[in-house]
Amino acid sequence: MGFSRGYETVFGEATVSFFVSLPKRKQRKLLDSAQKLAADPFVVPDFHSVDSTGRETSQLMADGYIFDFWVDHAVKQVIIIEISHVE
């Protein structure tokens, strides 16, 4: 998917598994949120962490979910590695 700045959304395996387990209405909501994130890859996240490989990841809360992601500016991709529901 291309977006305003040319960034593509890439979903990790855990993200895809979570996504397909949801009803279609929630899938659409998450896809819309992911598209907004790709449209503004320089968004300031709510917090940061470091994954098991030492890569800094960002976490952004949106629409009742936490998006765990990192941005590869060299290839213009937003890689969403996990989505969690916040209650």
Side-chain angles (χ1 to χ4, degrees):
M1 294 178 185
F3 300 99
S4 62
R5 294 187 183 173
Y7 280 64
E8 175 184 29
T9 306
V10 177
F11 296 102
E13 187 176 335
T15 305
V16 172
S17 295
F18 177 75
F19 184 82
V20 299
S21 73
L22 297 173
K24 291 220 184 269
R25 181 179 299 201
K26 289 186 180 181
Q27 288 178 0
R28 170 53 44 199
K29 185 176 181 179
L30 285 179
L31 188 56
D32 289 345
S33 294
Q35 290 173 341
K36 288 177 189 175
L37 179 57
D40 186 10
F42 297 96
V43 66
V44 176
D46 293 305
F47 51 98
H48 297 277
S49 63
V50 177
D51 70 11
S52 61
T53 66
R55 176 183 289 124
E56 184 174 302
T57 62
S58 300
Q59 291 75 39
L60 181 70
M61 294 174 58
D63 299 321
Y65 294 91
I66 296 176
F67 289 78
D68 191 356
F69 68 97
W70 60 279
V71 180
D72 187 335
H73 295 290
V75 294
K76 295 186 176 183
Q77 292 180 334
V78 175
I79 297 90
I80 301 175
I81 53 178
E82 189 172 3
I83 300 174
S84 306
H85 185 258
V86 178
E87 297 199 27

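- For the atom pair CG (L60) and CZ (F47), the distance works out to 9.0 Å, reported to the nearest 0.5 Å.
- At distances below 3.5 Å, at least one donor-acceptor pair connects side-chain atoms of T15 with backbone N or O atoms of I80.
- Note on I81 and V10: same hydrophobic cluster, where clusters join Ile, Leu, Val, Met, Phe, Trp and Tyr whose side-chain heavy atoms are under 4.5 Å apart, directly or indirectly.
- Nearest heavy atoms, A38 versus V78: CA-CG2, 3.9 Å.
- With sequence neighbours left out, the side-chain hydrogen bond (donor to acceptor under 3.5 Å, both in side chains) criterion links Q77 to E8.
- The side-chain contact (heavy atoms from CB on, under 4.5 Å) check on S49 picks up T57, Q59, with sequence neighbours excluded.
- Remark: T53 pairs with D51, R55 by the side-chain contact (heavy atoms from CB on, under 4.5 Å) rule, at least two apart or across chains.
- Linking Ile, Leu, Val, Met, Phe, Trp and Tyr whenever their side-chain heavy atoms come within less than 4.5 Å puts L31 and V20 in one cluster.
- Summarising the geometry, atom CG belonging to L37 is positioned 11.0 Å from atom CD belonging to Q35; distances are rounded to the nearest 0.5 Å.
- Atom CD1 of I83 sits about 11.0 Å away from atom CD1 of I66, to the nearest 0.5 Å.
- Pairs engaging residues 56-83 under the ring-ring contact (aromatic ring centres under 6.0 Å, His included) rule: Y7-H73, F42-H73, Y65-H85 [sequence neighbours left out].
- Taking CD of Q27 as the reference point, atom CZ of F18 lies at 10.0 Å (rounded to 0.5 Å).
- Annotation: side-chain hydrogen bond (donor to acceptor under 3.5 Å, both in side chains) contacts of D32 (sequence neighbours excluded): R28.
- Rounded to the nearest 0.5 Å, atoms CE (M61) and OG (S33) are 12.5 Å apart.
- The stretch residues 18-27 participates, sequence neighbours left out, in no salt bridge (charged side-chain N to carboxylate O under 4.0 Å, His left out) pair at all.
- In this structure E13 satisfies the side-chain hydrogen bond (donor to acceptor under 3.5 Å, both in side chains) test with no other residue, sequence neighbours excluded.
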